[in-house]
Amino acid sequence: MSTPEELRYTEEHEWVVAIDGGRARVGITEYAQDQLGDVVFVELPEVGTHLDMGEPFGEIESTKSVSELFAPVDGEVVAVNDAVVSSPELVNSDPYGEGWLIEVALDDAGAVDALLDAEAYQRVINN
């Protein structure tokens with residue numbers, strides 16, 4: 001399983017990367033998409049929605065199950081990946097690239113650094 005070093009992770013299998021201007025991009029990990037199986041539907045919040053860390057912000061449905069998505073940080077949704085909504089299989093084929101889910105304007109720019117690094121996330125999925 002790929003766990004890119006430049007990303008941060010949650011125990012709920014979301015990844016986060018800081019991007020320009022106090023924003024972060026969020027998606028689900030390769031491990032998560034593998035566990036889900038073929039993703040057939042993604043429900044994401046509207047731009048302008050405020051996220052509270054640890055709270056559900058959407059759902060991802062596969063041929064096996066429906067799972068909630070949990071906010072890895074506090075902040076306002078500033079972009080939604082419409083490509084994933086119309087082509088949910090992008091989550092399976094490119095979870096760290098074209099399969100990203102949302103972008104968030106962070107309430108606290110340091111919040112991303114507080115998440116799990118790649119090594120810590122590997123320990124979570126290998127236990």
Side-chain angles (χ1 to χ4, degrees):
M1 290 285 151
S2 172
T3 310
E5 294 285 331
E6 68 275 11
L7 304 178
R8 293 296 182 152
Y9 302 89
T10 70
E11 290 188 11
E12 290 77 31
H13 311 291
E14 281 88 22
W15 60 261
V16 182
V17 64
I19 53 178
D20 295 338
R23 292 167 57 153
R25 183 170 278 178
V26 177
I28 68 164
T29 65
E30 183 178 356
Y31 174 84
Q33 70 78 29
D34 184 62
Q35 295 297 302
L36 284 166
D38 294 335
V39 174
V40 296
F41 179 76
V42 178
E43 180 182 296
L44 299 173
E46 293 181 15
V47 169
T49 301
H50 189 273
L51 304 182
D52 293 315
M53 188 164 106
E55 294 298 312
F57 72 86
E59 288 186 342
I60 192 160
E61 183 177 333
S62 72
T63 54
K64 291 187 202 175
S65 66
V66 176
S67 298
E68 287 187 311
L69 298 164
F70 295 94
V73 293
D74 294 327
E76 182 179 328
V77 176
V78 293
V80 173
N81 187 354
D82 291 327
V84 162
V85 174
S86 60
S87 299
E89 66 276 5
L90 288 171
V91 172
N92 294 118
S93 63
D94 193 7
Y96 299 121
E98 296 299 314
W100 66 275
L101 302 175
I102 59 172
E103 289 182 2
V104 178
L106 298 165
D107 286 354
D108 173 6
V112 173
D113 294 333
L115 299 172
L116 301 172
D117 63 16
E119 184 179 323
Y121 180 67
Q122 280 291 327
R123 285 194 297 272
V124 167
I125 62 177
N126 290 325
N127 283 338

>> Please determine whether side-chain contact (heavy atoms from CB on, under 4.5 Å) holds for the pair Asp107 and His50, giving the CA-CA distance in whole Å, both sets of side-chain angles, and the decisive distance to 0.1 Å.
In response: CA-CA 10 Å; Asp107 286 354; His50 189 273; 2.8 Å; yes
>> Go through it in stages, so that I can follow the logic: the residues are Leu51 and Val73, the test is side-chain contact (heavy atoms from CB on, under 4.5 Å), and I'd like the CA-CA distance, side-chain angles, deciding distance and then a yes or no.
In response: CA-CA 7 Å; Leu51 304 182; Val73 293; 5.9 Å; no
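Of all heavy-atom pairs between Pro4 and Ala118, the closest is O-CB, 3.9 Å. The two residues Val91 and Gly99 come nearest to each other via the heavy atoms CG2-O, 4.0 Å. In terms of heavy atoms, Met53 sits closest to Asp74 at N-OD1, 2.5 Å. In terms of heavy atoms, Glu61 sits closest to Val66 at CG-CG2, 3.6 Å. In terms of heavy atoms, Val42 sits closest to Pro88 at CG2-CB, 4.0 Å. Lys64 and Gln35 make their closest contact through NZ-O, 3.3 Å (heavy atoms, listed as atom of the first residue, atom of the second, distance).
Residues Thr49 and Ile102 fail the side-chain proximity criterion, which asks for heavy atoms closer than 4.5 Å. Phe57 places none of its side-chain heavy atoms less than 4.5 Å from the side chain of Asp52. The shortest side-chain heavy-atom distance between Leu115 and Thr10 falls under the 4.5 Å cut-off. Within the 4.5 Å cutoff, no side-chain heavy atoms of Glu46 are placed close to those of Val77. Residues Leu101 and Asn81 fail the side-chain proximity criterion, which asks for heavy atoms closer than 4.5 Å. Counting only heavy atoms from C-beta outward, the side chains of Asp117 and Arg8 approach each other to under 4.5 Å.
When the side chains of ILVMFWY residues are joined at heavy-atom separations under 4.5 Å, either directly or via intervening members, Tyr9 and Leu69 end up in two distinct hydrophobic clusters. Each of Val84 and Val17 belongs to its own hydrophobic cluster when Ile, Leu, Val, Met, Phe, Trp and Tyr are linked at side-chain heavy-atom distances under 4.5 angstrom. With hydrophobic clusters built from ILVMFWY side chains whose heavy atoms lie under 4.5 angstrom apart, Val80 shares a cluster with Val16. Connection of Val47 to Leu44 is established within a shared hydrophobic cluster, with ILVMFWY side chains joined at heavy-atom distances below 4.5 Å, either directly or through further cluster members. No continuous path of hydrophobic side-chain contacts links Val26 to Trp100 [ILVMFWY only; heavy atoms under 4.5 Å].
Heavy atoms of other residues, nucleotides or ligands lying less than 6.0 angstrom from CD of Glu6 number more than 12.
Residue Leu116 holds its CG atom at 11.0 Å from OG1 of Thr3, rounded to the nearest 0.5 Å.
By the side-chain contact (heavy atoms from CB on, under 4.5 Å) test, Ser87 is found to be paired with Glu89, Leu90, residues two or more places apart in sequence or in another chain being considered.
Each of Ile60, Asp94, Asn92 was checked for a side chain to side chain contact (heavy atoms under 4.5 Å, CB included) with Gln33, and the lone residue meeting it is Asn92.
Between the side chains of Tyr121 and Thr29, a donor-acceptor pair is found at a separation under 3.5 Å.
One N or O on the side chain of Glu30 and one on the backbone of Ser2 form a donor-acceptor pair closer than 3.5 Å. When atom types are taken as modelled, the side chain of Trp15 and the backbone of Ile28 share a donor-acceptor pair closer than 3.5 angstrom.
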